[in-house]
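Take a look at the structure set out below.
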Amino acid sequence: MIKNIIRKLLGKSSLSTPVGETVLEAVSLRPAAVPEPIASRPLPVEPTPVAAAAAELASAVAGPVRGRRVEVPASVHRIDPSLLDDRAVKVVTTLQDAGFEAYIVGGAVRDLLLGHRPKDFDVATNATPEQVKGLFRRAFIIGRRFRIVHVVHGRGREHEVIEVSTFRAYLDPAAAEQVEGHEKTSRAALADKSHVVDASGRVLRDNVWGPQDEDAARRDFTVNALYYDPRRRIVVDYHDGIADAQARVLRMIGDPVTRYREDPVRIIRVVRFAAKLGFEIEPGTREPIRACAELLSAVPASRMFDEMIKLLQTGHSLASLEELRKQGLHSGIFPILDAVLDEAHAHDGREQFIQRALADTDRRVGEGKPVAPSFMLACMLWHDVVRRADELRARGEPPVPALQLAIDAVFDARIGDISGRGKLAADMREIWMMQPRLERRTPSAALTLVAQPRFRAGFDFLRLRADTGEADADLAHWWERFSTADDALREALFVEARQQDQARRAAVAAGELPAEAAAGTAGGPAKKRRRRRKPAGVRADGAPAFAEAESGGD
């Protein structure tokens, strides 16, 4: 359309695609920025053809970039049908059989074009949420900001959720209702409204349905605005998304500054996708990032926390952190990452610990294994906890209470008030509090510890500390054997533990090891306490008895 308008301005009235110019070439034209909207200039009462064409051009540039529908056949896109999810295909065909349009959409199509099996499959349709819900036995309408439907297949751990969204209209933010504050502070004002923005232009409600071309225009990146029909095996492309996917370029649809204002989280999504896909960020999309970063301060803490978890659990967490540095977003955006990316910690041992933890996370994701956010965050904040506990102990606080108080202080400072905080805090606390307990290898303590549900997480944390030289490697090896040993081997391991503890204390007495080594502390020197030694021998229950190591643990 833009090209035809330009032809009008030049006196060329042909509205058809010229001979030799393909449809894809025509679609690839993107409107350039103009210094002053022509529509703002006064026009004569009866505008000349040139003025009328100029006004049309200005309107096209200022309005949504809807693109042109191009249906790309299988012979061109070459998506492998074996990579499709049968349940997602069933959702699409059920909607189509009911007379609706329906497509697999977004990142799943992008991944299919790249030859990857998508982790999640989303569906887009012109059916309303209520109409979608009526077609499936287990379907649930969720969300306030964007109303979508979760179609659930299967039960238990094997269940799968297909997310179904309705085509949304592209609406001018200037025409939306405006409220002060955000989702929580303006909840009453948002009631019964379908299109609302806050003072900065961030979209708080977007539940106005529209045609597919407008739905494509309101999506963030060209490579995410693709629709795949598994029945006809075509990809519908409005914004040259296939070309950008092939060129490995991440490009924002429309004006990037406007799109960042609509939803500042798109700034984080740029970083995540660039790291995950190995794509280059198109210059026009990249340049406003730093200037728009302050918009993130208005995003609710829970949503920012969720985005950070996604950033670190894509299987490319190390690349994501590097991309954050590259785009100037490594400080002041996520309080947790401030504890990790601060240059002051570049050589204090923390960096190696975090690098190993994230590399292990990436490996597990790559192998299709589950990754617990609590474990990853426990790794990232551990040194903050240790430093705070050391300060409290230096003021005379006993070791265990010092650790408990340090955990509370660090969690409040770095995590804050987020959804799901209680469960997350409980899991992280258990991992941290288990570290000094793992130093005490008495029969009763050890047997109680290995029976706990979170033992494996606590042990993995200890092993990570041992790998970086922060904990005794022999201790980690001992627990690894003990956790899988039978009763006879466990008795032998208790004897071995007693001998190791005695040897360590002797080395400290001889000056061969620092004093804290005798205590086997978790994270730093502990305050020594006198303990009454038990006589060596056999207890009444037949288990070997031995003197417990002096244990303060922080």
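Values below: every heavy atom of this structure, side chains too, minus hydrogens, waters and symmetry copies.
Of all non-hydrogen atoms in Leu84 and Pro230, the two that sit nearest each other are CD1-CB, 4.2 Å. A pairwise comparison of heavy atoms in Ala389 and Ala406 identifies N-CB, 3.5 Å as the closest pair. When all heavy atoms of Pro373 and Ile309 are compared, the closest pair comes out as CB-CD1, 4.1 Å. Minimum heavy-atom separation, Pro335 to Ala413: CB-O, 4.2 Å. Summarising the geometry of Leu392 relative to Ala402, their closest heavy-atom pair is CD1-O, 3.4 Å, with the distance given to 0.1 Å. Minimum interatomic distance between Asn224 and Arg219 (heavy atoms only, all atoms of both residues): O-CD, 3.6 Å.
The pair Asp384-Arg414 counts as a salt bridge, with a side-chain nitrogen and a carboxylate oxygen less than 4.0 angstrom apart. For Asp360 and Arg463, the salt-bridge test fails: no basic side-chain N is under 4.0 Å from an acidic carboxylate O. Using a 4.0 Å cut-off between a side-chain N of Lys or Arg and a carboxylate O of Asp or Glu, Lys369 and Glu367 qualify as a salt bridge. Salt bridge Asp427/Lys423: present, at least one basic N to carboxylate O contact under 4.0 Å. Classification of Arg456 and Asp460 as a salt-bridged pair holds, one side-chain N sitting under 4.0 Å from a carboxylate O.
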**Request:** Report the C-alpha distance between Glu307 and Arg272 in whole Å, list the side-chain angles of each, state the deciding distance to 0.1 Å, and finish with yes or no for salt bridge (charged side-chain N to carboxylate O under 4.0 Å, His left out).
**Result:** CA-CA 9 Å; Glu307 288 298 322; Arg272 175 156 59 90; 3.7 Å; yes

**Prompt:** Between Leu250 and Thr285, does a side chain to side chain contact (heavy atoms under 4.5 Å, CB included) hold up when you go through it step by step?
**Reply:** CA-CA 8 Å; Leu250 203 58; Thr285 302; 5.9 Å; no

**Message:** Between Ile141 and His150, does the side chain to side chain contact (heavy atoms under 4.5 Å, CB included) criterion hold? Intermediate values first, please.
**Reply:** CA-CA 6 Å; Ile141 299 175; His150 278 180; over 6 Å; no

**Prompt:** When you look at Leu226 and Val105, which way does the side chain to side chain contact (heavy atoms under 4.5 Å, CB included) test go after all the steps?
**Reply:** CA-CA 6 Å; Leu226 298 167; Val105 69; over 6 Å; no

**Message:** Show, in sequence, the C-alpha distance, side-chain angles and deciding distance for Tyr227 and Val235, and conclude whether the side chain to side chain contact (heavy atoms under 4.5 Å, CB included) test is met.
**Reply:** CA-CA 5 Å; Tyr227 303 78; Val235 172; over 6 Å; no

**Prompt:** How far apart are the C-alpha atoms of Ser297 and Glu294, what are their side-chain angles, what is the distance that settles it, and do they pass the side chain to side chain donor-acceptor pair (under 3.5 Å) test?
**Reply:** CA-CA 6 Å; Ser297 62; Glu294 62 182 16; over 6 Å; no

**Request:** Kindly indicate, with the supporting measurements, whether the criterion salt bridge (charged side-chain N to carboxylate O under 4.0 Å, His left out) is fulfilled by Asp220 and Arg269.
**Result:** CA-CA 9 Å; Asp220 45 15; Arg269 286 168 62 84; 2.7 Å; yes

**Request:** Apply salt bridge (charged side-chain N to carboxylate O under 4.0 Å, His left out) to the pair Asp85 and Lys119, showing each step before the final yes or no.
**Result:** CA-CA 10 Å; Asp85 182 279; Lys119 181 180 178 182; over 6 Å; no

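Between Gln500 and Glu496, the side chains place a donor N or O and an acceptor N or O closer than 3.5 Å (distance only, hydrogens not considered). Of the N and O atoms on the side chains of Trp432 and Gln404, not one donor lies less than 3.5 Å from an acceptor on the other residue.
You'll find the side chain of Val450 reaches within 4.5 Å of the side chain of Phe482, heavy atoms only. A 4.5 Å side-chain heavy-atom check between Val164 and Ile148 finds every atom pair outside the cut-off. Counting only heavy atoms from C-beta outward, the side chains of Phe136 and Ile162 never approach each other to under 4.5 Å. Looking at Val151 and Val161, their side chains never come closer than 4.5 Å, going by heavy atoms from C-beta outward. Side-chain contact check for Arg498 versus Arg441: every heavy-atom pair is 4.5 Å or farther apart. At a threshold of 4.5 Å between non-hydrogen side-chain atoms, the residues Glu430 and Gln452 count as touching. By the 4.5 Å heavy-atom criterion applied to side chains, Met376 and Leu312 are counted as neighbours. Put simply, the side chain of Tyr228 does not reach to within 4.5 Å of the side chain of Val92, judged on heavy atoms.
In this structure, Arg363 places its CZ atom where more than 12 heavy-atom neighbours from other residues, nucleotides or ligands lie under 6.0 Å away. Counted within 6.0 Å of CG on Asp487, heavy atoms from surrounding residues, nucleotides or ligands total 12 or fewer; the atom is thus considered open. In the displayed structure, Glu391 atom CD is contacted under 6.0 Å by more than 12 heavy atoms of other residues, nucleotides or ligands.
With rounding to the nearest 0.5 Å, the separation of CZ in Phe279 from CZ in Phe273 is 10.5 Å. Note that CZ of Phe459 is 14.5 Å distant from CZ of Arg454, once rounded to the nearest 0.5 Å. Atoms CZ and CG, from Arg388 and Leu403 in turn, are 12.5 Å apart once rounded to the nearest 0.5 Å. Here the CH2-CG distance, from Trp479 to Leu438, works out to 5.5 Å after rounding to the nearest 0.5 Å. The distance from the CG atom of Leu475 to the NE2 atom of His477 is 11.5 Å, given to the nearest 0.5 Å. Put simply, CZ on Arg387 and CG on Leu381 are 10.5 Å apart, with the number rounded to the nearest 0.5 Å.
Under a 3.5 Å cut-off, the side chain of His116 and the backbone N or O of Pro118 do not form any donor-acceptor pair. Side-chain N or O atoms of Thr448 include one that pairs as donor or acceptor with a backbone N or O of Ser444 at under 3.5 Å. For the pair Arg137 (side chain) and Val152 (backbone), a donor-acceptor distance under 3.5 Å is absent. A donor-acceptor pair under 3.5 Å is absent between the side-chain atoms of Asp244 and the main chain of Val223, judged by distance alone. Of the possible donor and acceptor atoms, one in the side chain of Gln435 sits under 3.5 Å from a partner among the backbone N and O of Gly458. Under a 3.5 Å cut-off, the side chain of Arg364 and the backbone N or O of Pro370 do form a donor-acceptor pair. Thr94 places a side-chain N or O within 3.5 Å of a backbone atom of Lys90 that can act as its donor or acceptor partner. Side-chain N or O atoms of His153 include none that pairs as donor or acceptor with a backbone N or O of Arg138 at under 3.5 Å.
No close placement of the Phe334 and Phe305 rings is indicated, their centers lying 6.0 Å or farther apart. Taking the six-membered ring for Trp and the full ring otherwise, the centers of Phe353 and Phe461 sit less than 6.0 Å from each other.
By the side chain to side chain contact (heavy atoms under 4.5 Å, CB included) test, Asp80 is found to be paired with Ser82, Leu83, residues two or more places apart in sequence or in another chain being considered.
Among residues at least two apart or in separate chains, there is no salt bridge (Lys or Arg N to Asp or Glu O under 4.0 Å) pair with a member in residues 311-323.
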